[in-house]
2 protein chains.
Amino acid sequence: MTEQSDRPYHHGDLRRAVIETALAMLHEEEGWQFTLREVARRAGVSHAAPYKHFPDKAALLAELALIGFDRLRETLLAALPASAASLRETFLPVARAYVAFGEANPALYRLMFGADAGKPSEVHLSERALSTFAILTDFLARGQEAGLIRERPVPGQAAACWAQLHGLTMLVIDGLLLPEKVGDDAVTAALTTLLEGIEA
Amino acid sequence: MTEQSDRPYHHGDLRRAVIETALAMLHEEEGWQFTLREVARRAGVSHAAPYKHFPDKAALLAELALIGFDRLRETLLAALPASAASLRETFLPVARAYVAFGEANPALYRLMFGADAGKPSEVHLSERALSTFAILTDFLARGQEAGLIRERPVPGQAAACWAQLHGLTMLVIDGLLLPEKVGDDAVTAALTTLLEGIEA
DNA sequence: TGGCGTAAGTTGTCACTGTCTACATAGGAG
DNA sequence: CTCCTATGTAGACAGTGACAACTTACGCCA
């Protein structure tokens with residue numbers, strides 16, 4: 001019955017296993033209330049083993065958040081049209097992809113911007129997060145050069161765009177954009193408002 | 001030394017005391033890691049007493065979040081100019097007050113939109129939260145009537161504004177709007193972008 | 001090849017938590 | 001004046017994060 005003899009003393013890839021288990025639980029339980037011990041149990045190791053790879057729970061959560069930024073970055077890059085079409089045709093898919101990412105990974109997205117994954121500022125100022133932010137900055141800079149986007153200081157404009165996307169995503173995640181209260185496609189409406197604020 | 005005889009058996013106003021203590025700790029510790037038992041200790045009651053007023057910790061946090069919406073509502077109303085000035089002169093003060101509220105109460109603000117205070121949708125769909133959201137909706141509706149704001153379906157436009165303010169506030173709280181990275185007054189820049197998206 | 005240092009796991013323990021149950025008190029309605 | 005019940009207390013329990021002391025076995029170097 002017990003398969004204790006099967007399992008070797010050393011897991012071999014515990015760090016990855018812990019991360020993947022935690023990601024799974026984050027998704028299943030829609031939150032990070034899960035316990036480190038439960039993660040260890042599901043990974044098939046002792047309750048203290050994860051501590052060999054993460055100093056504490058916050059450190060694990062911080063790594064999950066960073067993975068979230070990695071995934072978001074790839075999602076956005078994948079949604080970026082190769083050809084330089086019109087502003088609308090370029091911006092909307094990316095913006096939609098952003099919101100969709102949050103909708104598909106609500107707990108992960110919350111964690112990324114929450115205060116439980118170490119110090120937020122540390123996570124957000126890390127290379128992996130900043131390079132995700134940079135996608136937007138680059139996009140706006142190129143858009144301004146091409147004359148598609150109103151000329152404004154890029155960083156401030158980027159802040160505005162990011163804020164809009166982030167806020168919108170949170171509203172979606174919280175289920176605050178009920179169609180009967182806010183119209184059929186509030187996301188498109190909001191994105192259009194943003195667009196009208198930046199297009200040349 | 002011990003003042004056990006001073007304190008009457010019944011506190012008299014424990015519910016309020018618990019809330020106020022929790023609010024204080026929320027502010028002091030910049031988060032809601034505090035324990036219910038510590039709250040009870042500081043309130044000078046036994047560790048189980050708070051359970052007579054809140055079924056669990058999440059319920060207490062939910063009440064704190066609702067108080068946050070109350071305070072935000074009053075802050076916004078106080079910032080709303082009485083006279084109907086220009087759009088900019090009306091909108092900017094309110095928007096700034098919103099962001100400033102988040103900056104001044106980072107933990108409370110996070111809690112209001114976090115997932116730890118009961119189910120977020122329940123908190124946000126409560127009367128006390130909705131009436132706060134309504135300030136913005138009303139403002140936009142009146143602005144459109146007066147011809148100051150571009151005519152768009154109000155709910156979608158409101159979603160866009162709220163998203164912008166919320167996202168901006170989060171960026172500020174997280175310290176992501178470093179002047180050297182994003183310009184001197186990124187908040188104003190972002191709000192201006194928003195304004196350019198809604199003004200007639 | 002063989003021995004060994006050390007990274008990676010294990011068990012055991014600690015203080016402490018949220019929550020439950022049983023009991024104590026006292027304030028107010030009848 | 002009495003008793004009901006809301007409010008508070010004490011005690012118990014399972015389970016947690018974190019640490020310490022002990023084991024195992026991988027992989028490097030003589």
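The chains referred to below are lettered A, B, ... by the order of the sequence lines, with proteins before strands, and numbering in each begins at 1.
Residues passing the salt bridge (Lys or Arg N to Asp or Glu O under 4.0 Å) test with Arg71(B): none are found, sequence neighbours excluded.
For Lys52(A) and Glu38(A), each mapped to the nucleotide of DNA chain D holding its nearest heavy atom, the one lying further toward the 5' end belongs to Glu38(A). Of the two residues near DNA chain D, His47(B) and Asp13(B), the one whose nearest nucleotide lies more 5' is Asp13(B).
To the nearest angstrom, P of dT17(C) lies 15 Å from CG of Leu60(B). The interatomic distance linking Phe54(A) (CZ) with dT16(D) (P) rounds to 19 Å, in whole Å. Here the P atom of nucleotide dG18(C) and the CG atom of Leu61(B) are 10 Å apart, to the nearest Å. Rounded to whole Å, atom C1' of dG17(D) lies 14 Å from atom CD of Gln33(B). In this structure, Leu36(A) atom CG and dT16(D) atom P are separated by 10 Å, rounded to whole Å.
At the phosphate of dT17(C), OP1 or OP2 sits under 4.0 Å from a side-chain N or O atom of Arg41(B). The phosphate of dG15(D) has neither OP1 nor OP2 within less than 4.0 Å of any side-chain N or O from Thr35(A).
Using a 4.0 Å heavy-atom distance criterion, His53(B) is classed as a sugar-phosphate-only contact. Note on Ser46(A): a base of the nucleic acid sits closer than 4.0 angstrom, heavy atoms only.
For Arg37(B), the side-chain atoms get nearest to dA12(D) when compared with the rest of dG8(D), dA12(D), dG17(D). Taking only side-chain atoms of Tyr51(B), from C-beta outward, the nucleotide of dG17(D), dT19(C), dT10(C) with the closest atom is dT19(C). The side chain of Lys57(A) lies closest to dA18(D), out of dA18(D), dT9(D), dT10(C).
With no hydrogens or angles considered, no side-chain donor-acceptor pair links Arg152(A) and Thr193(B) at under 3.5 Å.
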Mind running side chain to side chain contact (heavy atoms under 4.5 Å, CB included) on Leu171(A) and His166(B) for me, showing each step along the way? CA-CA 9 Å; Leu171(A) 293 179; His166(B) 177 57; 5.7 Å; no
Are Tyr109(A) and Phe69(A) close enough, and set up right, to give a ring-ring contact (aromatic ring centres under 6.0 Å, His included), and what steps lead you there? CA-CA 9 Å; Tyr109(A) 188 84; Phe69(A) 279 105; 8.3 Å; no
Is there a side chain to side chain contact (heavy atoms under 4.5 Å, CB included) between His27(A) and Leu108(A)? Walk through the geometry before answering. CA-CA 7 Å; His27(A) 189 258; Leu108(A) 180 56; over 6 Å; no
